[in-house]
Amino acid sequence: MSKVYVEDLSKHVGQEVRLHGWLYNKRSSGKIRFLLLRDGTGVVQGVMAKGAVADATFELFDQLTQESSFSLSGKVRKDDRAPGGFELDVTGMEIIHVAKEYPITPKEHGVEFLADRRHLWLRSARQHAIMRVRHRIIKAIRDFFDDRGFTLVDSPILTPAACEGTSTLFETPYFDLGSAFLTQSGQLYAEAGAMALGKVYCFGPTFRAEKSKTRRHLTEFWMVEPEVAFNDLNDNMDLAEEFLEYIVQSVLRDRAPELKTLERDVTKLQNVKRPFPRVSYDEAVEILHKRGIAFEWGNDLGGTDETVVSENFDRPVMVHRYPAAVKAFYMKRDPANAKVALAVDVLAPEGYGEIIGGSQREDDYDLLLARIDEQKLPREAFDWYLDLRRFGSVPHSGFGLGVERTVSWICGLDHVRETIAFPRMIYRLTP
RNA sequence: UCCGCGGUAGCUCAAUGGUGGAGCAUCCGGCUGUUAACCGGAGGGUUGUAGGUUCGAAUCCUACCCGCGGAGCCA
């Protein structure tokens, strides 16, 4: 008898197969009994009628508790009544482990209760779907860059100092060298990589010790950061929109059942095609003023400001040329207007906010050094970074995409805590 | 750090000054096509903690603890 997974049942109609999994739920109508087997690839209902299986097998049903592990053998039957399209007429069952009373019932639960049991919560259909979409997004990210000649250059997680000098970092003792900090961005290292390999990306976890308490923040999150030598801001925006289109269309193509489980309105995702609207910060401020928002030129866009701007478009919008004062020291100023930086943020639709932040980098040694001094950053820490402007400096650009915010947007979630298996937040370090 | 909301059965909630309830989960019984199955029955409580007001507090007051959401910061 062949050992199969639920997702492959369509290839075994009429055959006797064996499945291994966990009890998702069971129902009984006396002499006919139904059990839902979950194996990680899907859920299938096994049907047992008294008399059709050995009495000993029929009675095993009573011992099975929710999430008990067991194997089921039976004949695969196509059945339009089944949500997955197939059912199993059970011929045999073997219990592997009888689960203790399972805390997550098929009814509603609060976020704290579920978060405390995140290791079990992952077994439920919704979380399963989110993890599958997340994985597809990450695969799309890697495929996109790999297919376009980028080289993966991983940046260090332990770093000697702040990359941007603004965020609060996690600090840890580091032998005789004092303190190390968990990275908040791999960008500076990616720039070094781009000068060596042309087109690179780094992809890893990043850490922010800020006490943010919102639906868009985690203290540990994943970020992918491409960096390309000889790309200017426009090239950077071209890359960003092609990238996002590729991710969204890949998920739409390969994860339709999961999006359905999540009850995601996919028509909103189908719009995500090039070209994306590009508005300058000045134009974004105009949009805000037209909506009656008292926004002062020079400020950064807040969460609600971003939502208002993005509501004007049916796909991600790229806002470029922000006031230099609110942006990082390494961003190049616009030659046409020294007050603004050649920066771009990509705002996701439906109020999901900033999912990409990027810029053309300052490639002039003297200007970069002046910025470092202006922001009172320690020169020594950036000496290696300045080397990139001493030895064959070139125009270059890149951006960072926040994986969790992207997953949250594509899945239509209301909080990023569900986008990663074990979220780390200000008041949560477990499980 | 600031602002707002909340904490009652294992879970989700009701009870707003007068005998703490319901649904689900658990246990027992019934049902040959159930889809968060359904029907009948049972057990299950120091109402977050400490103090105060009152004849009487889940309910009103004070402090603290914990959580949630938002702001700032950012992806």
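Quantities reported herein were computed from a predicted structural model and do not represent experimental measurements. Hydrogens, waters and symmetry mates are skipped; everything else that's a heavy atom, side chains included, is used. To find a chain, count down the sequence lines: A is the first, B the second, and so on, and within it residues start at 1.
Spacing of C1' atoms, B:C55 relative to B:U12, comes out at 36 Å, to the nearest Å. A distance of about 23 Å separates the P atoms of B:C64 and B:U47, rounded to the whole Å. Atom C1' of B:U53 sits at a distance of 15 Å from the matching atom of B:A63, rounded to the whole Å. Taking atom C1' on both B:U59 and B:G21, the two are 15 Å apart, rounded to the nearest angstrom. Distance noted for atom C1' between B:U19 and B:G45: 15 Å (whole Å). Annotation: B:G52 and B:C68 have their P atoms spaced 32 Å apart (nearest Å). B:G48 sits 23 Å from B:U54 when the P atoms are compared, rounded to a whole Å. Comparing B:A57 with B:G51, their P atoms sit 14 Å apart, to the nearest whole Å.
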List the atom pairs, donor and acceptor, that lie under 3.5 Å between side-chain atoms in residues 217-224 of chain A and the rest of the protein, sequence neighbours left out.
{"unit_1": "A:H217", "atom_1": "ND1", "unit_2": "A:T214", "atom_2": "OG1", "d": "2.6"}
{"unit_1": "A:T219", "atom_1": "OG1", "unit_2": "A:R424", "atom_2": "O", "d": "3.0"}

Please tabulate, for side-chain N and O atoms in residues 5-13 of chain A, each donor-acceptor pair with protein atoms closer than 3.5 Å (sequence neighbours left out).
{"unit_1": "A:D8", "atom_1": "OD1", "unit_2": "A:K11", "atom_2": "NZ", "d": "3.3"}
{"unit_1": "A:H12", "atom_1": "ND1", "unit_2": "A:Q15", "atom_2": "OE1", "d": "2.8"}

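If you check the side chains of A:D146 and A:Y201, you find a donor sitting under 3.5 Å from an acceptor.
Side chain A:H109 to base B:C11: no donor-acceptor pair is found below 3.5 Å. One cannot find a donor-acceptor pair under 3.5 Å joining the base of B:C31 and the side-chain atoms of A:R27.
Mapping A:D79 and A:G110 onto RNA chain B by nearest heavy atom places A:G110 at the nucleotide closer to the 5' end. Nearest-nucleotide positions on RNA chain B for A:T65 and A:G51 put A:T65 closer to the 5' end.
In this structure A:S155 satisfies the side-chain contact (heavy atoms from CB on, under 4.5 Å) test together with A:Y189, A:C202, sequence neighbours excluded. Applying the side-chain contact (heavy atoms from CB on, under 4.5 Å) criterion to A:Q66, with sequence neighbours excluded, gives A:Y102, A:P106. Judged as a side-chain contact (heavy atoms from CB on, under 4.5 Å), and not counting sequence neighbours, the contacts of A:P277 are A:F313, A:R315, A:V317. The side-chain contact (heavy atoms from CB on, under 4.5 Å) check on A:K332 picks up A:L342, A:Q360, A:E362, A:D363, with sequence neighbours excluded. By the ring-ring contact (aromatic ring centres under 6.0 Å, His included) test, A:F70 pairs with no residue at all, sequence neighbours left out.
Listed by first then second residue, pairs satisfying salt bridge (Lys or Arg N to Asp or Glu O under 4.0 Å) with a partner in residues 276-305 of chain A read A:D238-A:R278, A:E241-A:R278, A:R291-A:E311, not counting sequence neighbours. Within the structure, salt bridge (Lys or Arg N to Asp or Glu O under 4.0 Å) contacts touching residues 122-131 of chain A (residues at least two apart or in different chains) are A:E67-A:R123, A:R126-A:E418.
A:E87 comes within contact range of at least one nucleobase, with a heavy-atom separation under 4.0 Å. Residue contacts shown for A:T105 are limited to sugar-phosphate atoms, with no base heavy atom under 4.0 Å away. Across all strands shown, A:L218 has heavy atoms under 4.0 Å from base atoms, whether or not it also approaches the sugar-phosphate. A:F113 comes within 4.0 angstrom of the backbone, heavy atoms only, and of no base.
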Intra- and inter-strand pairing of RNA chain B, written as dot-bracket with Watson-Crick and G-U pairs under 3.5 Å and | for the latter, reads (((((((..((((....[..)))).(((((.......))))).....(((((..]....))))))))))))....
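In this structure, A:F113 and A:H109 have parallel ring planes: the angle between them is below the 30° cut-off, well short of the 60° mark.
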Are any protein N/O atoms closer than 3.5 Å to N/O atoms in nucleotides 68-70 of chain B? If there are, list each pair with its distance.
{"unit_1": "B:G69", "atom_1": "OP1", "unit_2": "A:H415", "atom_2": "NE2", "d": "3.2"}
{"unit_1": "B:G69", "atom_1": "OP1", "unit_2": "A:R417", "atom_2": "NH1", "d": "2.8"}
{"unit_1": "B:G69", "atom_1": "OP1", "unit_2": "A:R417", "atom_2": "NH2", "d": "2.8"}
{"unit_1": "B:G69", "atom_1": "O3'", "unit_2": "A:R215", "atom_2": "NH2", "d": "3.4"}
{"unit_1": "B:G70", "atom_1": "OP1", "unit_2": "A:R215", "atom_2": "NE", "d": "2.1"}
{"unit_1": "B:G70", "atom_1": "OP1", "unit_2": "A:R215", "atom_2": "NH2", "d": "3.0"}
{"unit_1": "B:G70", "atom_1": "OP2", "unit_2": "A:R215", "atom_2": "N", "d": "2.8"}
{"unit_1": "B:G70", "atom_1": "N7", "unit_2": "A:K213", "atom_2": "O", "d": "3.2"}

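Ionic pairing of A:E350 and A:R264 is present here: one or more N-O contacts between side-chain nitrogen and carboxylate oxygen are shorter than 4.0 angstrom.
Across every non-hydrogen atom of A:T65 and A:V98, the tightest pair is OG1-CG1, 3.8 Å.
Contacts between residues 4-22 of chain A and RNA chain B, counted as heavy-atom distances below 4.0 Å, involve no residue at all.
Evaluation of A:F34 against the base of B:G33 yields no stacking contact (centre distance < 5.5 Å, interplanar angle < 30° required).
Comparing atom distances between the A:M223 side chain and each of B:G33, B:A75, B:C74 picks out B:A75 as nearest.
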